[in-house]
Amino acid sequence: MTAITNDDTPSTRIAVPPTAAGGAAAAPRLPSPTPAGRDAAAPSSPNPPAGSPPGAGAFRKVTGRDWAGFLSMVVGMFMAILDIQIVSSSLSEIQAGLAASADEISWVQTSYLIAEVVMIPLSGMLARILSTRVLFTIAAAGFTLTSVACAFTSSIESMIVWRALQGFIGGAMIPTVFATSFSLFPPEKRAGVSVMIGLVATMAPTLGPTLGGWLTQSFSWHWLFLANVLPGIAVTSLVWTLVDVDKPNPALRKGFDFVGLGLMAAFLGSLEFVVEEGPRQDWFEDEYVAVFAVVAAVAGIGFFWRVLTYRNPIVELRAFLDRNFAIGSLYSFIIGIGLYGAVYLQPLFLARVRGFNSLQIGTIMFVTGAFQFMSAPIAGALSKKVDLRVMLGMGLTLFGTGVWLNAQLTNQSGFWELFLPQAVRGLSLMLCFIPVNTIALGTLPPEQLKNASGLYNLMRNLGGAIGLAAINTVLIERLALHTNRLGDNLNMARPLVQDTIDGLTNKFDGMVVDPQGAAMKTLAGMVQREALVLTFNDCLLLMAGVFFSALLLMPLVRRPGGKPAPADH
């Protein structure tokens with residue numbers, strides 16, 4: 001974009017938001033002091049001081065009050081992302097407490113994800129209408145109240161409703177933080193801010209099973225939700241008091257695209273339902289999955305037609321015309337596969353193969369979070385000194401290597417066998433997240449940030465959802481394959497098989513009525529266990545292949561600015 005200086009003549013490429021108050025250049029063109037679509041913070045002066053980096057003139061001085069308000073928003077984002085996974089290690093306890101069936105209890109997690117996926121792209125428009133401060137305050141307060149409702153619910157039906165509301169309302173907090181980080185902070189401060197956001201966004205899913213397991217084992221499952229109350233009250237109060245990055249634009253309510261909203265909700269909600277329930281219900285063999293797949297297809301066509309033709313669309317897709325944003329969003333999708341897939345697979349292996357409880361699983365999973373935390377300052381320093389494309393390539397390579405190392409599981413794999421793979425994966429996450437965040441959002445004009453941030457975060461969640469669906473499909477198909485192949489080798493004519501059965505029969509002799517039957521049952525269990533181990537290894541190898549393949553897209557990424565810490569364009 002071409003910046004406009006005080007004399008309204010084209011000048012150097014200074015990224016002055018065309019809607020920011022205080023810019024003398026734009027004032028003659030605006031009908032009111034509060035222009036429609038004002039999304040960025042007001043600059044302190046229309047021209048940057050000598051020697052400042054490009055884009056500095058678009059940002060007012062960030063005060064301690066701004067930092068305190070922004071940190072409060074980051075805490076809110078942490079709670080919203082954490083609650084995706086915090087129930088994953090405690091579903092059996094919630095199922096017992098609510099007298100729910102195995103099919104019903106999965107909806108405690110699915111309903112949250114579906115509702116959150118619908119809100120994330122909508123949050124950009126709502127932030128422009130209400131302002132960042134009002135939207136985030138409403139989201140934090142609603143998230144806190146629905147958390148209380150989840151804790152005290154007495155039936156699975158009401159739990160599903162409250163979890164859906166919790167995910168929908170809380171989902172607004174995630175993209176709002178990303179957009180605010182780019183509209184509030186000048187480019188020279190973004191590296192440190194990106195480290196903090198990246199640490200929160202990637203550690204929250206990792207810590208979810210750990211914290212959830214500890215709360216459930218130490219207190220009860222109700223505390224999975226009650227733990228949100230005090231932080232939620234604090235975030236709501238601090239954001240309302242301290243945050244002031246933009247002004248509301250009520251004029252955008254005129255012509256609000258309710259048809260587009262309905263189509264988007266039907267499309268994303270149905271798509272999320274299909275990818276969540278499909279693997280469990282044999283995909284289109286199940287009537288509900290087939291119906292929702294048709295709804296997703298029809299609503300998807302209608303949604304894309306609407307947003308491309310309506311004068312005030314609910315979601316603006318033009319951000320995808322920016323090559324870096326499009327590729328960055330694809331990388332966000334891939335990172336979602338790895339982030340949520342690894343957090344899903346490893347606890348499942350430890351529970352089904354090793355028989356560990358939620359607290360033991362959480363202790364092992366904590367290794368990834370610890371190395372993420374330790375890698376944060378390293379990643380922050382690298383982002384200032386290294387080309388972000390090189391840094392992203394390093395991160396993708398390390399993540400793929402960590403998952404490949406993890407694909408050497410045996411039926412005895414425990415803490416120390418999983419330590420190195422988790423450490424490598426933990427180190428890699430920040431090297432992936434920080435550069436892809438800047439690559440995707442760092443080249444967009446300020447007026448597109450709120451909308452683009454929602455789309456960017458939506459891609460990560462969709463990556464997680466579709467990745468989990470693919471993982472569950474692979475688990476089902478490969479388990480059947482390995483079970484059949486191992487079963488074919490259990491030929492009684494083979495001396496090794498016969499010796500094993502004889503040894504087990506002697507072991508059970510005098511302990512059970514039918515020692516040979518017990519021996520055969522034990523052998524069948526061993527086959528199932530080994531088939532499970534091979535299946536988990538297959539899934540992890542497939543995930544590693546996805547990350548190594550992602551490196552092929554690196555030549556298409558443009559360097560976002562002349563320095564590793566990019567300026568606005």
Side-chain angles (χ1 to χ4, degrees), residues 15-23 26 30 32-46 48 55-78 80 120 122-141 171-194 196-197 200-201 234-252 316 437-438 441-442 444-454 456-457 567-568:
V16 180
T19 56
L30 299 177
S32 67
T34 307
R38 175 179 180 244
D39 292 336
S44 56
S45 64
F59 302 89
R60 59 180 168 86
K61 182 179 180 181
V62 181
T63 64
R65 176 191 178 98
D66 293 327
W67 271 108
F70 181 74
L71 290 174
S72 302
M73 294 175 67
V74 171
V75 173
M77 180 184 75
F78 177 81
I120 284 176
L122 178 62
S123 61
M125 176 65 77
L126 292 178
R128 293 163 64 197
I129 295 174
L130 301 173
S131 81
T132 297
R133 170 175 169 257
V134 173
L135 175 63
F136 205 96
T137 301
I138 293 173
M173 293 190 282
I174 301 170
T176 306
V177 170
F178 282 80
T180 302
S181 71
F182 277 81
S183 62
L184 178 62
F185 296 100
E188 65 271 16
K189 293 185 180 293
R190 286 189 194 150
V193 173
S194 293
M196 177 174 59
I197 294 177
V200 169
V235 168
T236 303
S237 304
L238 290 171
V239 169
W240 179 259
T241 305
L242 301 175
V243 172
D244 182 21
V245 296
D246 56 12
K247 300 297 180 186
N249 185 4
L252 289 174
E316 180 57 74
N437 183 25
T438 304
L441 300 176
L444 294 172
E447 64 271 14
Q448 291 188 19
L449 278 174
K450 290 180 181 178
N451 171 73
S453 177
Y456 171 73
N457 282 278
D568 283 343

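Numbering of residues begins at 1 and proceeds along the displayed sequence.
- The CG atom of Leu130 lies 11.0 Å from the CE atom of Met125; values are rounded to the nearest 0.5 Å.
- Atom CZ of Phe178 and atom CG of Asn457 lie 4.5 Å apart (nearest 0.5 Å).
- Distance check, rounded to the nearest 0.5 Å: OG of Ser131 to CG of Leu126 gives 11.0 Å.
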- Item | Derivation and outcome, side-chain contact (heavy atoms from CB on, under 4.5 Å), residues Met196 and Leu71 | CA-CA 9 Å; Met196 177 174 59; Leu71 290 174; 3.2 Å; yes

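- Distance alone, capped at 3.5 Å, is enough to place a donor-acceptor pair between the Ser72 side chain and the Ala68 backbone.
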- Start with the C-alpha gap between Thr137 and Val134, add the side-chain angles, then the distance that decides, and say whether side-chain contact (heavy atoms from CB on, under 4.5 Å) holds. CA-CA 5 Å; Thr137 301; Val134 173; 5.8 Å; no

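- At distances below 3.5 Å, not a single donor-acceptor pair connects side-chain atoms of Thr176 with backbone N or O atoms of Met173.
- Aromatic ring pairs are classed by plane angle as parallel below 30°, tilted from 30° to 60° and perpendicular above 60°; the pair Phe70 and Phe185 is perpendicular.
- Between Ser237 and Thr241, the closest heavy-atom pair is O-OG1, 2.8 Å.
- Two residues are said to be in side-chain contact when any heavy atoms from C-beta on lie closer than 4.5 Å; Thr180 and Val177 fail this criterion.
- Side chain of Arg133 to main chain of Asp246: no donor-acceptor pair is present (N/O by atom type, distance under 3.5 Å, no hydrogens or angles).
- Side chain of Ser123 to main chain of Ile120: a donor-acceptor pair is present (N/O by atom type, distance under 3.5 Å, no hydrogens or angles).
- A 4.5 Å side-chain heavy-atom check between Ile129 and Asn249 finds every atom pair outside the cut-off.
- Across all their heavy atoms, Ser453 and Ala179 have their closest contact at OG-N, 3.5 Å.
- Residues Val243 and Phe136 are not in side-chain contact: their nearest non-hydrogen atoms beyond the backbone lie 4.5 Å or more apart.
- Atom CD1 in Ile174 sits 12.5 Å away from atom CD1 in Ile197 (nearest 0.5 Å).
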